[in-house]
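Before any comments, here is the structure.
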Amino acid sequence: MLSLQNVNAYYGRIQALRDVSLDVAEGEIVAVIGPNGAGKTTLMNVISGMVTVNSGAVVFDGTDITGVSTERIVRSGISQVPERRQIFSAMSVVDNLMLGAYHRYRREGKAQIEKDLGSVFGIFPRLQARAKQRAGTLSGGEQQMLALGRAWMARPRLLLMDEPSLGLAPLLVKEILSVSGELREQGTTILVVEQNARAVLELADRAYVMESGQVVLEGSADDLAADERVQRVYLGEIPARAREMVSHQRGAEGEK
Ligand code: ATP
């Protein structure tokens with residue numbers, strides 16, 4: 001469905017993406033993990049047309065969308081949940097949600113959009129209870145739900161999620177990420193960027209690890225979760241071999 005081919009992107013003279021190639025097949029949840037500054041947000045913004053590609057190509061559904069405007073990219077079926085949410089704080093919850101569907105009004109009519117609003121409220125009952133509340137007064141977790149709901153109102157075929165767990169309590173992280181599973185069941189393909197590698201690797205089918213603007217590892221989420229380097233750097237775990245060494249050493253000390 002989505003294919004990035006040797007994409008390079010710069011901010012002035014700083015190269016943020018280096019020869020990045022990545023594929024997402026229809027129906028998959030694909031994760032991108034990596035440290036701060038690795039280029040993950042830039043990758044998302046390149047796909048949604050908000051950052052210019054210097055060389056390489058972004059292909060969606062067989063069409064080259066490199067250099068296409070964000071508005072046309074949204075119309076073609078890609079919707080982004082930006083990092084730090086970027087909701088319209090002075091507007092109500094329901095108006096924020098309706099804005100997500102603005103480009104669908106003419107084609108699909110109000111009834112369909114109101115039906116979708118109902119399904120967002122079904123997924124996030126908390127948003128329904130706060131429908132008239134100013135979005136800026138929502139809690140961080142509720143704002144994340146709103147950002148996700150708004151992206152969903154665009155009825156995307158491909159949903160880009162940038163750090164959905166940012167600043168959320170562990171329980172809420174689970175809730176937000178489990179919604180991704182639900183959205184996938186409803187036919188949405190998902191590309192998700194996360195620093196919370198543990199949570200996202202449990203959810204994703206495949207994953208890419210980015211460092212310094214490059215893809216340094218890729219594979220099934222299970223393989224990456226089992227990878228020693230990923231465990232050490234991203235999951236904060238002591239790898240099995242080191243664990244063995246420690247217990248061996250402790251055993252030796254016990255023998256003394
Ligand atoms: P984080 O996990 O901290 O959000 P990230 O992996 O999403 O990081 P990016 O935000 O894509 O990383 O940034 C990649 C690099 O590009 C960083 O070195 C960053 O400082 C730089 N960068 C990002 N946006 C800009 C900008 N608008 N102007 C100049 N440099 C930028």
Side-chain angles (χ1 to χ4, degrees), residues 2-24 29-58 60 65-70 73-74 78-87 140-141 143-144 146-148 150-151 158-170 172-173 176-177 180 190-204 206-219 221 224-225 227 229-236:
L2 177 77
S3 173
L4 267 71
Q5 297 157 3
N6 303 102
V7 168
N8 288 286
Y10 292 79
Y11 296 107
R13 284 161 62 188
I14 298 171
Q15 186 164 11
L17 295 181
R18 295 169 190 270
D19 262 330
V20 171
S21 295
L22 171 150
D23 291 291
V24 182
I29 298 183
V30 175
V32 178
I33 59 174
N36 288 118
K40 306 181 298 300
T41 297
T42 306
L43 175 80
M44 293 300 210
N45 289 342
V46 150
I47 299 168
S48 57
M50 291 192 287
V51 166
T52 310
V53 171
N54 287 74
S55 64
V58 183
F60 179 58
I65 57 164
T66 326
V68 168
S69 73
T70 300
I73 289 175
V74 172
I78 299 179
S79 177
Q80 186 170 7
V81 187
E83 193 181 10
R84 304 192 190 282
R85 293 136 208 173
Q86 294 169 12
I87 56 165
Q143 290 189 14
Q144 186 58 278
L146 179 57
L148 195 50
R150 186 182 58 190
L158 175 66
L159 183 64
L160 307 175
M161 294 168 73
D162 196 352
E163 302 240 5
S165 81
L166 194 73
L168 300 186
L172 216 47
V173 171
I176 292 281
L177 289 177
S180 325
I190 296 173
L191 179 63
V192 53
V193 157
E194 255 301 337
Q195 285 219 25
N196 188 335
R198 185 184 304 278
V200 83
L201 286 178
E202 274 176 25
L203 173 86
R206 289 189 307 112
Y208 292 80
V209 180
M210 281 187 76
E211 283 171 14
S212 309
Q214 285 176 302
V215 172
V216 293
L217 265 178
E218 61 177 280
L224 286 190
D227 182 276
R229 190 173 127 84
V230 172
Q231 288 185 354
R232 193 177 58 240
V233 180
Y234 299 103
L235 302 177

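As the structure lists them, so they are numbered: ligands from 1, and atoms in each ligand from 1. Side chains included, hydrogens not; waters and symmetry mates left out as well; all remaining heavy atoms used.
The option from Ile33, Asn36, Val32, Ile14 that lies nearest to atom 1 (P) of ligand 1, judged by heavy atoms, is Asn36. Among Gly37, Ala9, Pro35, Gly34, the residue whose heavy atom lies closest to atom 15 (C) of ligand 1 is Gly37.
Here the heavy atom of the protein found nearest to atom 4 (O) of ligand 1 is Glu83 OE2, 3.1 Å. Residue, atom and distance of the protein heavy atom nearest to atom 26 (C) of ligand 1 are Tyr11 CD2, 3.5 Å. With hydrogens left out, the protein atom closest to atom 12 (O) of ligand 1 is Gly39 N, 3.2 Å, a heavy atom. Atom 2 (O) of ligand 1 has its closest protein heavy atom at Lys40 NZ, 2.7 Å.
For the residue pair Thr52/Tyr10, the side-chain donor-acceptor check at 3.5 Å is not satisfied. Of the N and O atoms on the side chains of Gln5 and Ser21, not one donor lies less than 3.5 Å from an acceptor on the other residue. Between the side chains of Gln15 and Asn54, no donor-acceptor pair is found at a separation under 3.5 Å.
For ligand 1 and Thr42, the ligand atoms under 4.0 Å from any heavy atom of the residue are 9 (P), 11 (O), 13 (O), 14 (C). For ligand 1, the atoms sitting less than 4.0 Å from at least one non-hydrogen atom of Thr41 are 4 (O), 5 (P), 7 (O), 10 (O), 11 (O), numbered in the order shown with element in parentheses.
For atom 19 (C) of ligand 1, the nearest protein heavy atom is 4.0 Å or more away.
Here Val53 pairs with Val7, Val46, Val58, Thr66 under the side chain to side chain contact (heavy atoms under 4.5 Å, CB included) rule; sequence neighbours left out. Every residue meeting the salt bridge (charged side-chain N to carboxylate O under 4.0 Å, His left out) condition with Arg206, not counting sequence neighbours, appears here in chain and number order: Glu28.
For the ligand labelled ligand 1, residue Met210 lies outside the 4.0 Å heavy-atom shell.
In terms of polar-atom proximity, defined here as any N/O pair under 3.5 Å, Ala38 does make such a contact with ligand 1.
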